[in-house]
S.K.: 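Got a structure here, written out as structure tokens. Questions coming.
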Amino acid sequence: MSIIIGSHVGFNKDKQMLGSVIESLSYGANTFMFYTGAPQNTNRKEIDANLTILAHNLMEKENININDVIVHAPYIINLANDKNMDFNVEFLTQEIDRVQSLGVNKLVLHPGSHVGLGEEVGLNNIVEALNKVLKEEMNITICLETMAGKGSELGKKFEELKYIIDNVKLNNKLGVCLDTCHINDSGYDITNFDKILDEFDNIIGLDRLKVVHVNDSKNEKDSHKDRHENFGLGHIGFDNLINVIYNDRLKGIPMILETPYVDIDGKKYAPYKQEIKMIKEKTFNENLLKSIEDDNI
Ligand code: FE
Ligand code: FE
Ligand code: ZN
């Protein structure tokens with residue numbers, strides 16, 4: 001079975017998406033995900049149309065399908081808190097414009113944290129904000145991410161995402177991003193992944209699932225922590241993650257690694273080339289960290 005696998009990559013102001021494509025090819029990936037700027041601030045550069053064309057040409061040459069490419073929305077956007085409603089609506093609207101001018105059609109979004117307002121108020125704020133943001137003419141799917149339930153995060157249970165989807169008017173523009181680290185941390189048992197998919201299908205519908213983040217977790221199931229671990233080195237483990245990636249019901253869905261950079265003598269190195277190699281070979285590399293080190297010296 002051929003898989004669509006990639007990782008989080010950079011997006012810098014000089015090369016923009018062209019740089020993201022080049023980086024992902026160096027990992028042996030056939031898709032990728034990026035932020036259009038620093039996720040924690042609002043500084044954004046104009047999208048350069050020439051660089052976008054070069055990026056698309058390279059993708060075509062290398063068989064990367066633009067429909068598999070993902071942008072992650074900045075996490076300063078918190079739609080669950082209506083105190084910043086105007087800012088959130090404005091900034092997310094601008095972000096959708098940027099994503100569309102890049103030719104990308106999938107935007108992953110953290111639903112938000114209710115910051116003490118209560119779950120129901122938080123969920124209704126998210127619905128209200130999305131109803132303001134979404135427009136019929138937008139050619140985009142906003143993929144609400146399943147969250148770990150850290151602090152007051154919403155989206156930790158499929159029912160919460162279902163509530164949002166049911167109440168947003170233009171919900172034909174909503175999908176879901178399933179993050180394996182997050183669902184593990186929020187209490188789902190990934191050793192029985194088919195049962196999770198049954199539940200997802202019953203509550204939300206599998207046709208809504210557009211992206212999977214394949215991260216291991218530094219913590220046990222139900223820990224509500226959200227700390228990603230390198231592929232196969234955490235509490236979910238190699239075999240369970242491979243079962244997710246090669247699950248027949250997820251055929252054709254992009255799989256994205258957001259595993260942490262590895263620290264070697266104070267320098268940080270991307271683990272993705274070695275992780276993607278293991279995933280393609282379906283064989284756990286006992287010396288993953290050593291291989292990443294060897295790759296970089
Ligand atoms: Fe995320
Ligand atoms: Fe994620
Ligand atoms: Zn996370």
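Order of listing sets the numbers, starting from 1, for every ligand and every atom in it.
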S.K.: Could you tell me how the ring of F284 sits relative to the ring of F238: parallel (under 30°), tilted (30 to 60°) or perpendicular (over 60°)?
M.R.: tilted
S.K.: How is the N/O/S atom of H228 that comes nearest to the Zn ion (ligand 3) named?
M.R.: NE2
S.K.: Applying a strict under-4.5 Å side-chain criterion to I, L, V, M, F, W and Y, I'd like to know whether L154 and V168 cluster together.
M.R.: yes
S.K.: Looking at the Zn ion (ligand 3), is one of the N, O or S atoms of H213 less than 2.8 Å from it?
M.R.: no
S.K.: Have a look at the Fe ion (ligand 1) and estimate, to 10 degrees, the angle subtended by NE2 (H110) and OE1 (E145).
M.R.: 90°
S.K.: Does D226 put an N, O or S atom under 2.8 Å from the Zn ion (ligand 3)?
M.R.: yes
S.K.: So, H72 and the Fe ion (ligand 1): N/O/S under 2.8 Å, yes or no?
M.R.: yes
S.K.: What N, O or S atom of E258 is found closest to the Fe ion (ligand 2)?
M.R.: OE1
S.K.: Mind checking whether F158 and F200 have parallel, tilted or perpendicular rings, split at 30° and 60°?
M.R.: perpendicular
S.K.: Thinking salt bridges, do D294 and K290 make one under a 4.0 Å N-O criterion?
M.R.: yes
S.K.: How about H213: does one of its N, O or S atoms come closer than 2.8 Å to the Fe ion (ligand 2)?
M.R.: yes
S.K.: Please work out which of the three classes, parallel, tilted or perpendicular, describes the rings of H8 and Y35, given edges at 30° and 60°.
M.R.: perpendicular
S.K.: Given H182, which partner from the list H224, H213, H228 fulfils the ring-ring contact (aromatic ring centres under 6.0 Å, His included) test?
M.R.: H228
S.K.: Hey, is there an N, O or S on D179 sitting under 2.8 Å from the Fe ion (ligand 1)?
M.R.: no
S.K.: First locate atom CG of D201, then atom CZ of R208, and finally report the distance between them rounded to the nearest 0.5 Å.
M.R.: 12.5 Å
S.K.: Assess H182: does it contribute an N, O or S atom lying under 2.8 Å from the Zn ion (ligand 3)?
M.R.: yes
